[in-house]
Amino acid sequence: MSKENTRKVVLEKQTSPKDRERPSQGFFLSKNFKKIYPIGLHKSGSTLSLSSLSLSLSQNSNDSDSTCPLAERIAMALRRIALPEKRELVPATAAVQEQNQTQLCDEENMRRCNWITKNSDKVYVQFHDECWGVPVYEDNQLFELLALSGMLMDHNWTEILKRKEIIRVSFHGFDPNSVARIEEKDIIDMACDKTLMLAESRVRCIIDNAKCILKIQREFGSFSGYIWGYVNYKPMINKCKHPRNVPLRTPKAESLSKDLLKRGFRLVGPVIVYSFMQAAGLSIDHLVDCFRFHECVGLAERPWRHI
């Protein structure tokens, strides 16, 4: 027997039947590699590496057991990349919608003053939530609120607030100097403007009041200083529990109304003046269970900025 044949016999005796049935190591690694990484995607953090994708696909394409074309694997890989993004977007969008719906429900369920109802106009609700009872210190803003309060003789707050921007433009932002210089022709045009809904006498009242404010500014330094002086520069806080407890006029309003009339102002009766004081935050008349009560009280307790 030759040396070569002798070597084959020795090797066959050393190799067990189980070893002869065991597949090659290359085949075993290839088969299990595809189970763990079926398309060869490697994640780096939260993103997928394109270089790893191409390398893995090239490795899988060399497997002798592969029966899936390379083009089909690439398509499968791209679908696997896109699917997680879609799955992430759905719950995120649902969460945002749920959060917005919860916020809307909270706003609808906010406890407000009793005169704000479900049928109240949005502009009136916004005025209640953002403006009414907030202390105002600017002369032009105080002049505007005094003029709007005077219009309560003919209209309600909702009707006035819907035309507020038009009225503000027509009266030059309620700058007393500009309003005081409005000419006769402009007065007639404003009285004929159906969008304003102001009679000629009402237009003239606002112009006359602007001239009176200019006199007060020269005497007191500002219309704001004059007005706030009537409440000792600190808003009055009325802790009313029911609408019937909210006054229509107060001694302070009567005193201010009397002095305004003496100085030449028009449309400044005690009821109108108190409506002005409520709107300008000189008097806090939100009901105690209204969510705006404590917010406005917090603003009222700040030091008066002009001192």
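Starting from 1, each residue takes its place in the sequence as its number.
- Glu254 and Lys258 are not joined by a salt bridge, as no carboxylate oxygen comes within less than 4.0 angstrom of a charged side-chain nitrogen.
- Hydrophobic clustering, with ILVMFWY side chains joined whenever heavy atoms are under 4.5 angstrom apart, groups Ile166 together with Leu161.
- Here the shortest heavy-atom pairing between Ser170 and Ile182 reads O-CD1, 4.5 Å.
- Of all the heavy atoms in Ile216 and Ser222, the pair that sits closest is CG2-O, 4.1 Å.
- Leu142 and Ile272 fall into different hydrophobic clusters, defined by Ile, Leu, Val, Met, Phe, Trp and Tyr side-chain heavy atoms under 4.5 Å apart, directly or through other members.
- The nearest pair of heavy atoms linking Ser201 to Arg266 is O-NH2, 4.5 Å.
- In this structure, Phe174 CZ and Leu145 CG are separated by 9.0 Å, a value rounded to the nearest 0.5 Å.
- The closest side-chain heavy-atom distance from Leu248 to Tyr274 is not below 4.5 Å.
- Residue Asp285 holds its CG atom at 11.5 Å from SG of Cys290, rounded to the nearest 0.5 Å.
- At least one side-chain heavy atom of Trp228 sits less than 4.5 Å from a side-chain heavy atom of Pro235.
- Between His172 and Ser178 the shortest heavy-atom distance is CB-CB, 3.7 Å.
- Put simply, the side chain of Asp154 does not reach to within 4.5 Å of the side chain of Met197, judged on heavy atoms.
- Sorted by first and then second residue, the salt bridge (charged side-chain N to carboxylate O under 4.0 Å, His left out) pairs involving residues 113-122 (not counting sequence neighbours) are Asp121-Lys162.
- In this structure, the side chains of Ile227 and Leu256 come closer than 4.5 Å at one or more pairs of heavy atoms.
- Taking CZ from Phe127 and NZ from Lys164, the interatomic distance works out to 7.5 Å, rounded to the nearest 0.5 Å.
- Contact annotation: the side chain of Met236 approaches that of Lys252 to within less than 4.5 Å [non-hydrogen atoms, C-beta and beyond].
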*Would you please test Trp115 and His128 for side-chain contact (heavy atoms from CB on, under 4.5 Å) and show each step?*
CA-CA 10 Å; Trp115 50 86; His128 168 275; 4.3 Å; yes

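- Considering CG of Leu148 and NE2 of His155, their distance stands at 11.0 Å, rounded to 0.5 Å.
- With values rounded to the nearest 0.5 angstrom, Glu183 atom CD is found 10.5 Å from Ile207 atom CD1.
- Here the side chain of Asn156 pairs a donor or acceptor atom with the backbone of Thr158 at under 3.5 angstrom.
- Transitive grouping of hydrophobic side chains (ILVMFWY, heavy atoms separated by less than 4.5 Å) keeps Leu214 and Phe143 in distinct clusters.
- For the 3.5 Å distance criterion, the side chains of Asn119 and Thr117 fail to qualify, holding no donor opposite an acceptor.
- Connection of Leu267 to Met151 is not established within any shared hydrophobic cluster, with ILVMFWY side chains joined at heavy-atom distances below 4.5 Å, either directly or through further cluster members.
- Taking the side chain as every heavy atom from C-beta outward, Asn238 and Val246 never approach each other to under 4.5 Å.
- Tested against Ile187 for a side chain to side chain contact (heavy atoms under 4.5 Å, CB included), the candidates Lys185, Glu184, Met190 yield a single pass: Glu184.
- Remark: the backbone N or O of Pro251 is not paired with any side-chain donor or acceptor of Ser255 at under 3.5 angstrom.
- Both Val136 and Trp132 sit in one connected hydrophobic cluster of ILVMFWY residues. Membership requires side-chain heavy atoms under 4.5 Å apart, directly or through other members.
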*Run the numbers on His294 and His286 for ring-ring contact (aromatic ring centres under 6.0 Å, His included), then give the verdict.*
CA-CA 9 Å; His294 293 290; His286 285 283; over 10 Å; no

*Please assess Ser149 against Trp157 for the test side-chain contact (heavy atoms from CB on, under 4.5 Å), listing each intermediate value before the final yes or no.*
CA-CA 8 Å; Ser149 298; Trp157 270 120; 4.0 Å; yes

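- When all heavy atoms of Ala253 and Val273 are compared, the pair lying nearest together is O-CG1, 3.8 Å.
- With rounding to the nearest 0.5 Å, the separation of CD in Glu295 from CD1 in Ile284 is 11.5 Å.
- Between Lys211 and Ala180, the closest heavy-atom pair is CE-O, 3.6 Å.
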_side-chain contact (heavy atoms from CB on, under 4.5 Å) assessment of Arg168 paired with Glu144_ = CA-CA 8 Å; Arg168 182 180 293 166; Glu144 176 179 340; 2.8 Å; yes

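- Note: Phe223 and Phe265 have parallel aromatic rings, judged against thresholds of 30 and 60 degrees for the angle between ring planes.
- A donor-acceptor pair under 3.5 Å is formed between the side chain of Asp193 and the backbone N or O of Thr195.
- Ser257 places a side-chain N or O within 3.5 Å of a backbone atom of Val268 that can act as its donor or acceptor partner.
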*Would you check, one step at a time, whether the test side-chain contact (heavy atoms from CB on, under 4.5 Å) holds for Asp259 with Tyr226?*
CA-CA 11 Å; Asp259 192 66; Tyr226 163 77; 2.4 Å; yes

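- Asp289 pairs in a side-chain hydrogen bond (donor to acceptor under 3.5 Å, both in side chains) with only one of the listed residues (Arg112, Arg111, His242, Lys241), which is Arg111.
- A 4.5 Å side-chain heavy-atom check between Ser283 and Thr250 finds every atom pair outside the cut-off.
- Residues Val134 and Arg292 have side chains in contact (heavy-atom distance under 4.5 Å, counting atoms from C-beta outward).
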_Pair Arg163-Glu159, salt bridge (charged side-chain N to carboxylate O under 4.0 Å, His left out): steps then yes or no_ = CA-CA 7 Å; Arg163 307 194 313 274; Glu159 295 171 341; 5.4 Å; no

